[in-house]
Amino acid sequence: MQYLVYFVFIVSLSVFAQKEVKGVFIDSTELKVASVFGIDTFETLYYTTEDYTFHKKTKDTTITYTNFQLGEVTTANAFNPLKINLFYKDFNTVVILDNRLAEVSKVDFNVVQPYKNVSFVSTGFDNTLWLFNQDMQQLELYDYKTNTTRLKTVPIQSEVLDLKSDYNNCYMLTERYLYVYNYFGSLINKFENNGYTDMAFSKANLILKKENELSILTKNSNEIWPIALPNLLISQFLVTNETLYIYHLEILREYHLKLD
């Protein structure tokens, strides 16, 4: 019996150790920007500068988009590089850009019927956007080509802090919970929020920020695990597959996420 207890104890420690996530430093780059919004697998960088200009920088070229009437970009999503969406919260407007940053669509929710007071926007499948309707307190899947709402979730009872998505899932962080929805709008998972305030997402990994600590929720997982990182300040953070980027004081640091 004593040997059995030792065996179970050792196996438990082994399983726990396998779940430890380490951030292994790769490189750092000087970068003077206002906000970093994305880095893809080809190291294409999406960011804004203080003059409200949105940039797409590859190894060879940099192209830009500016809309002075709308001012500062609140969020930008380049998950689909052929349909990049820029959200201008102050003007309740979304602009859709192609891969050359040419404007292909513009949605002014002030004139859309029925009126929508939108506080968060993220990419959906086809010609859709995930929106959080502040007045209705609902998450909506909105088709900007047909100006129709494909689905709505039940109203949310706490303040929404962040919204991230891809073609398959939408993650909504509120003061009380992290909600995970599929593309049908069905709630497939729900986690208690233990102090998280921001998120970053890429395919298989969702990164959550609490003060200056980061944690990870991997796809199809039911547990959130802390990421072991050096003690540093985090102004912004991004994730691309298993690569974590942290931006602070004009330095962009790159880490490999290693699951032991």
Side-chain angles (χ1 to χ4, degrees), residues 16-59 62 72-79 87 89 120 122 159-166 171-175 177-178 191-219 221 223-260:
F16 179 79
Q18 289 176 358
K19 296 296 185 179
E20 184 178 10
V21 180
K22 296 180 181 178
V24 180
F25 178 77
I26 300 174
D27 198 5
S28 65
T29 306
E30 291 187 14
L31 183 67
K32 188 176 182 180
V33 302
S35 296
V36 183
F37 288 110
I39 303 172
D40 66 18
T41 53
F42 301 103
E43 297 185 356
T44 302
L45 181 65
Y46 300 89
Y47 63 93
T48 54
T49 45
E50 296 292 346
D51 60 355
Y52 303 150
T53 300
F54 181 75
H55 301 252
K56 176 184 176 181
K57 182 179 181 180
T58 66
K59 292 181 179 179
T62 300
E72 184 177 1
V73 177
T74 306
T75 59
N77 192 309
F79 170 75
F87 178 45
K89 185 176 180 181
F120 291 92
S122 194
E159 182 182 353
V160 175
L161 305 176
D162 206 351
L163 185 71
K164 295 289 185 290
S165 64
D166 62 4
Y171 299 82
M172 183 166 63
L173 182 67
T174 75
E175 284 187 329
Y177 298 103
L178 168 64
F191 303 86
E192 187 174 351
N193 184 356
N194 295 313
Y196 303 115
T197 56
D198 302 280
M199 300 186 295
F201 177 61
S202 173
K203 293 183 179 179
N205 296 315
L206 181 77
I207 308 297
L208 295 149
K209 178 176 179 285
K210 176 182 178 180
E211 297 177 345
N212 276 301
E213 298 177 353
L214 298 179
S215 299
I216 186 170
L217 173 66
T218 58
K219 192 173 184 179
S221 172
E223 295 187 71
I224 298 172
W225 298 94
I227 301 174
L229 289 166
N231 186 19
L232 47 83
L233 297 177
I234 303 171
S235 296
Q236 293 179 267
F237 61 103
L238 309 144
V239 61
T240 303
N241 298 329
E242 286 77 42
T243 303
L244 172 68
Y245 298 91
I246 295 176
Y247 184 63
H248 185 70
L249 293 178
E250 300 181 3
I251 299 293
L252 182 67
R253 295 177 174 85
E254 183 179 351
Y255 296 87
H256 174 67
L257 295 175
K258 185 178 180 182
L259 182 63
D260 291 341

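All heavy atoms count here, side chains included; hydrogens, waters and symmetry mates do not.
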Can you tell me how far apart [atom1] ([X]) and [atom2] ([Y]) are? Round to the nearest 0.5 Å.
X      : Y      : atom1 : atom2 : result
Gln236 : Phe37  : CD    : CZ    : 7.0 Å
Thr58  : Tyr46  : OG1   : OH    : 9.5 Å
Thr44  : Lys59  : OG1   : NZ    : 9.0 Å
Leu214 : Ile227 : CG    : CD1   : 5.5 Å
Leu257 : Thr243 : CG    : OG1   : 7.0 Å
Asp27  : Tyr245 : CG    : OH    : 9.5 Å

Inset, instruction - For the residue pair Tyr47 and His55, categorise the inter-ring angle as parallel (less than 30°), tilted (30 to 60°) or perpendicular (more than 60°). - result: parallel
Inset, instruction - Kindly assign one of parallel, tilted or perpendicular to the pair Phe201 and Tyr171, based on the angle between their ring planes and the thresholds 30° and 60°. - result: tilted
Legend entry - Test item: Leu163 and Thr75 side chains (from C-beta on) under 4.5 Å apart, heavy atoms: no
Inset, instruction - May I ask you to test the Asp198-Phe237 pair for a side-chain heavy-atom distance under 4.5 Å? - result: yes
Check whether [X] reaches the backbone of [Y] with its side chain - one donor and one acceptor, N or O, closer than 3.5 Å.
X      : Y      : value
Ser215 : Ile224 : no
Tyr247 : Leu31  : yes
Lys209 : Glu211 : yes
Ser202 : Asn241 : yes

Legend entry - Identified side chain to side chain contact (heavy atoms under 4.5 Å, CB included) counterpart of Asn212 within the set Asn231, Leu232, Ile246, Ile234: Ile234
Inset, instruction - Check Asn193 against Leu173 and note the closest heavy-atom contact, atom names and distance. - result: ND2-CD1, 3.6 Å
Legend entry - Non-hydrogen atoms of Tyr177 and Glu192 that approach each other most closely: CD2-CA, 3.8 Å
Legend entry - Test log, rule side chain to side chain contact (heavy atoms under 4.5 Å, CB included), inputs Glu242 and Asn205: CA-CA 8 Å; Glu242 286 77 42; Asn205 296 315; 4.0 Å; yes
Inset, instruction - Run the numbers on Glu159 and Thr174 for side chain to side chain contact (heavy atoms under 4.5 Å, CB included), then give the verdict. - result: CA-CA 5 Å; Glu159 182 182 353; Thr174 75; over 6 Å; no
Legend entry - Step-by-step side chain to side chain contact (heavy atoms under 4.5 Å, CB included) determination, Leu233 to Leu249: CA-CA 9 Å; Leu233 297 177; Leu249 293 178; 5.7 Å; no
Legend entry - Check against side chain to side chain contact (heavy atoms under 4.5 Å, CB included), Leu206 and Leu178: CA-CA 11 Å; Leu206 181 77; Leu178 168 64; 3.8 Å; yes
Inset, instruction - Taking side chain to side chain donor-acceptor pair (under 3.5 Å) as the test, write out the residues that go with Ser122, two or more places apart. - result: Asn77, Ser165
Inset, instruction - Mark yes when over 12 heavy atoms from residues, nucleotides or ligands other than Glu213 sit less than 6.0 Å from its CD; otherwise mark no. - result: no
Legend entry - Partner residues of Lys164 under the salt bridge (charged side-chain N to carboxylate O under 4.0 Å, His left out) criterion, sequence neighbours left out: Asp162
